[in-house]
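Reading through the structure tokens given below for one structure.
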Amino acid sequence: MKRRKYIIGNWKMNHGLEEIRTFFIDFSKVKMELNCVVAIAPQFIHIPILKELAFTTGNMQIGAQNAAEVDSGAFTGEVSAKSLKDMGVDFVILGHSERRAIYKEGHEILNRKVKNALKNELPVIFCIGETLSERESGKTFEVVKEQIEHGLSGISNSDMQNIVIAYEPVWAIGTGKNASKEEAEEVHQYIRTILPHRKEETSILYGGSVKPDNIDGLLSMPNIDGALVGGASLKATDFKSLCVSASRF
Ligand code: PGA
């Protein structure tokens, strides 16, 4: 079966209003039909303005970078999946390594977040990946297996339709050191075997220093269905070029 290709920009805590406007002017300069899922996850506060700007570019989806594990209550500073859904947000990224490392989000809370997002019909991009020391000690498969088993525990077959996996080796994120296409493919192939349901239908994206000059190699691999992109998604010309590449596969 043929899965769709995705290019998802994770803007993290970057870009102010002025840069956002410039991005969309540049992104829209050359009009072309993009035959892949194109999406950006900006800071929460910018979601409404991106929804508006994205409308002018055609089919771009707009997502969030995090969501709380419950719908409402005394959780100062949190944003619920329910409110994101109300605001027309298309998906949420959960389990990013920065959330795991800086904000200490572990398996249990991530599992609650995934379930709550799905309950609110908010599709999830679920991120997993090993650190450099875990890779060097031969633990890559063990680590991603644990992240999938705990993070997606209790997920039903039909829920799985609304989950996309992003394999992001932590040592490749923001370092300029991407996994080779063979290294990435080996892990993607393995991840497919341990998914709880819909092993063949589920899209698995690669993330970690994806750029216009390495995207084609990565996408040429049978189990790499797209990319979650940080740094290179901030510049419209690079992001557009990634989308054009993905449209060819
Ligand atoms: P990067 O980030 O493309 O800058 O390495 C990827 C990510 O964190 O999702």
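Position 1 is the first residue of the sequence; numbering continues from there. Atoms within a ligand are numbered from 1 in the order they appear, just like the ligands themselves.
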Heavy atom of S233 under 4.0 Å from ligand 1?
no
Would you tabulate the side-chain donor-acceptor contacts of residues 137-144 under 3.5 Å, counting partners in other chains and residues two or more places apart, or write 'none'?
| residue | atom | partner | partner atom | Å |
| --- | --- | --- | --- | --- |
| S137 | OG | S133 | O | 2.8 |
| S137 | OG | E134 | O | 3.4 |

Identify the closest protein heavy atom to atom 7 (C) of ligand 1: which residue and atom is it, and at what distance?
E168 OE2, 3.2 Å
Ligand 1 atoms in contact with G208 (distance to a heavy atom under 4.0 Å)
5 (O)
Do other residues, nucleotides or ligands put more than 12 heavy atoms under 6.0 Å from K82 NZ?
no
Which bit of I173 gets closer than 4.0 Å to ligand 1, counting heavy atoms only: side chain, backbone, both or neither?
both
Flag T175 as yes when one of its N or O atoms lies below 3.5 Å from any N or O atom of ligand 1, and as no otherwise.
no
Looking at M32, I'd like to know if its CE atom is crowded, meaning that more than 12 non-hydrogen atoms belonging to other residues, nucleotides or ligands lie closer than 6.0 Å.
yes
Does the residue G207 have a heavy-atom contact with ligand 1, meaning some pair of atoms that are separated by less than 4.0 Å?
no
Ligand 1 contacted by G174 (non-hydrogen, < 4.0 Å)
yes
Which atoms of ligand 1 are found less than 4.0 Å from any heavy atom of G231?
1 (P), 3 (O), 4 (O)
Is the shortest N/O to N/O distance between E98 and ligand 1 below 3.5 Å?
no
Is the shortest distance from a heavy atom of H96 to ligand 1 less than 4.0 Å?
yes
Rounded to the nearest 0.5 Å, what separates atom CD1 in I128 from atom CD in E149?
11.0 Å
Check residues 164-174 and write down every donor-acceptor pair under 3.5 Å in which the side-chain atom is one partner and the other belongs to a residue at least two apart or another chain.
| residue | atom | partner | partner atom | Å |
| --- | --- | --- | --- | --- |
| Y167 | OH | E130 | OE1 | 2.8 |
| Y167 | OH | E130 | OE2 | 3.0 |
| Y167 | OH | R135 | NH2 | 3.4 |
| E168 | OE1 | H96 | NE2 | 3.4 |
| W171 | NE1 | E130 | OE2 | 2.9 |

Give the numbers and elements of all ligand 1 atoms closer than 4.0 Å to a heavy atom of N10.
9 (O)
NZ of K211: more than 12 outside heavy atoms within 6.0 angstrom?
yes
Given the rule in the side-chain hydrogen bond (donor to acceptor under 3.5 Å, both in side chains) test, do S245 and D216 qualify, once you have shown the distances and angles that lead to the verdict?
CA-CA 6 Å; S245 286; D216 284 350; 3.1 Å; yes
ILVMFWY cluster, V229 and I40 together (side-chain gap under 4.5 Å)
yes
Which ligand 1 atoms, with their elements, are less than 4.0 angstrom from a heavy-atom of G230?
1 (P), 2 (O), 3 (O), 4 (O), 6 (C)
Note: ligand 1 atoms sitting under 4.0 Å from heavy atoms of A172 are 5 (O)
In one Ile/Leu/Val/Met/Phe/Trp/Tyr side-chain cluster, 4.5 Å: F91, F126
no
